[in-house]
Amino acid sequence: MSLVAPGIAQLQPYDAGKPAEEVARELGVANAIKLASNENPLGPSPLAIAAAGAALANAHRYPDARGHSLHLKLAQHHGVEPEQIVLGNGSNELIELLVRTFVRAGEHVVFAEPSFVVYRMICLAHGVAFEPVALRDGTHDLDALLGAIRPETRLVFICNPNNPTGTHVSGAALVRFLAAVPPEVIVALDEAYYEYVTADDYQSGLALRAAHERLVVLRTFSKIYGLAAFRVGYAVAPSELTTYLERVRAPFNVNALAQAAALAALDDADHVRRSIELNTRERRRVGAALAELGLRVLPSQANYIYFSLNRLARPVFDQLLARGIIVRPFAPLPRDLRATVGTEAENDCMLEALREVLK
Ligand SMILES: *Cc1c(COP(=O)(O)O)cnc(C)c1O
């Protein structure tokens with residue numbers, strides 16, 4: 001008998017790419033530019049850094065197990081009840097908690113592909129059946145996702161805007177979808193890039209809760225708040241669901257420094273505003289420059305741009321890496337790359353390197 005379940009045998013470790021320091025060391029250059037993980041190029045809010053620093057003095061204490069203050073603040077921030085919020089060690093943990101808590105052996109999960117690889121990884125790790133539904137024109141195909149729902153389906157993930165493509169589905173389309181999903185099925189809307197959206201027709205799941213009872217909205221402090229290293233995310237969901245998620249999650253899953261940093265980050269609206277402004281401006285500029293290079297660029301509502309080359313992407317990725325530019329290739333999508341929108345200077349370096357490589 002094999003040591004592990006077939007799903008675990010099939011799993012590949014998550015490929016996070018090389019850290020910038022490692023690339024820089026290997027190349028012998030002072031610094032590499034990392035545009036691979038959709039991090040905020042402006043860094044964290046100074047308020048969050050100071051709050052985490054102040055919390056260090058209490059490092060001998062266990063964190064507030066419920067994350068009381070952060071619960072209250074997020075509840076206030078979103079106009080929901082504190083019981084409707086569950087904190088996670090990154091929204092990654094909440095994706096896993098949803099599967100572990102609500103999907104049993106023999107039951108089934110639906111999500112789009114390509115989308116966030118973690119949905120697939122967690123289903124494999126837990127031996128849960130799943131159906132990936134192909135994007136249409138780089139966008140979630142909501143009708144096909146509906147069609148993939150079976151009597152055994154417990155959970156559907158919708159990533160909006162979608163990672164890695166950056167595309168979004170409209171609020172109107174989402175409302176129709178949510179109303180058509182059988183009421184017992186949980187829909188998890190992963191809104192990791194919510195703050196970057198500028199499209200007028202977009203709506204957050206938080207505004208659409210009337211359309212479907214079992215709706216979960218996932219948010220994170222890893223992207224616009226610039227706190228990826230701290231690992232904090234949260235779910236907003238009806239208390240019918242949060243009561244079970246709270247029982248299954250590990251005690252102290254969000255550490256004290258992370259709680260302090262996240263609380264302070266919520267107070268820095270100016271940092272969020274500057275991050276949005278930079279991203280909106282540079283996303284437009286970089287998208288146009290890539291299109292000018294003759295590449296097929298998908299319209300992005302997030303802080304990254306997805307584009308297709310007319311050749312294999314891996315050698316292009318490698319040559320960019322040799323120039324100290326780290327973008328993101330995807331093994332199942334051999335002609336495509338994703339580049340995070342960086343600072344103006346970082347984007348200029350990336351575009352310059354890409355021009356050279358493609359020449
Ligand atoms: C980055 C990302 C997350 C957030 O992950 P954390 O665990 O909160 O750092 C979740 N979903 C998607 C689609 C992402 O791209």
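Numbering of residues begins at 1 and proceeds along the displayed sequence. Atoms within a ligand are numbered from 1 in the order they appear, just like the ligands themselves. Quick caveat, the model's predicted, so the values are computed rather than measured.
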Any donor-acceptor pair under 3.5 Å from [X] side chain to [Y] backbone:
X	Y	answer
H212	L178	yes
N163	F116	no
R335	S308	no

Would you say Y193 touches ligand 1, if touching means a heavy atom closer than 4.0 Å?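 Flag set, Y193 near ligand 1.
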N38 near ligand 1, heavy-atom distance under 4.0 Å?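 Flag not set, N38 not near ligand 1.
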Please could you name the atoms of ligand 1 that [X] approaches to less than 4.0 Å, counting only its heavy atoms?
X	result
S222	6 (P), 8 (O), 9 (O)
G90	6 (P), 7 (O), 8 (O)
K223	1 (C), 2 (C), 3 (C), 4 (C), 14 (C), 15 (O)
R231	6 (P), 7 (O), 9 (O)
C159	13 (C)
N163	13 (C), 14 (C), 15 (O)
A192	2 (C), 3 (C), 10 (C), 11 (N), 12 (C), 14 (C)

If we ignore angles and hydrogens, is there a donor and acceptor under 3.5 Å between the side chains of N160 and Y193?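 No pair is found: no donor N or O on one side chain lies under 3.5 Å from an acceptor on the other.
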Look at atom OH of Y194 and say whether more than 12 heavy atoms of other residues, nucleotides or ligands are closer to it than 6.0 Å.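 Counting other residues, nucleotides and ligands, OH of Y194 stays at 12 neighbours or fewer.
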Should we count CD of E22 as having more than 12 external heavy atoms under 6.0 Å?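 Buried by this count: over 12 neighbours within 6.0 Å.
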Who's the nearest protein heavy-atom neighbour of atom 12 (C) of ligand 1, and how far?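 Answer for atom 12 (C) of ligand 1: D190 OD2, 3.4 Å.
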Proximity to ligand 1 by part of N92, non-hydrogen separation under 4.0 Å: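 The part of N92 near ligand 1 is both the backbone and the side chain.
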Using ring centroids (six-membered ring only for Trp), state whether F130 and Y119 fall under 6.0 Å.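 Y119 vs F130: aromatic centres not under 6.0 Å.
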Does the gap between the ring centers of H78 and Y234 come in under 6.0 Å?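 Yes: the rings meet the under 6.0 Å criterion.
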Return yes or no for this condition: an N or O of S91 is under 3.5 Å from an N or O of ligand 1.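 N/O-N/O distance below 3.5 Å exists for this pair.
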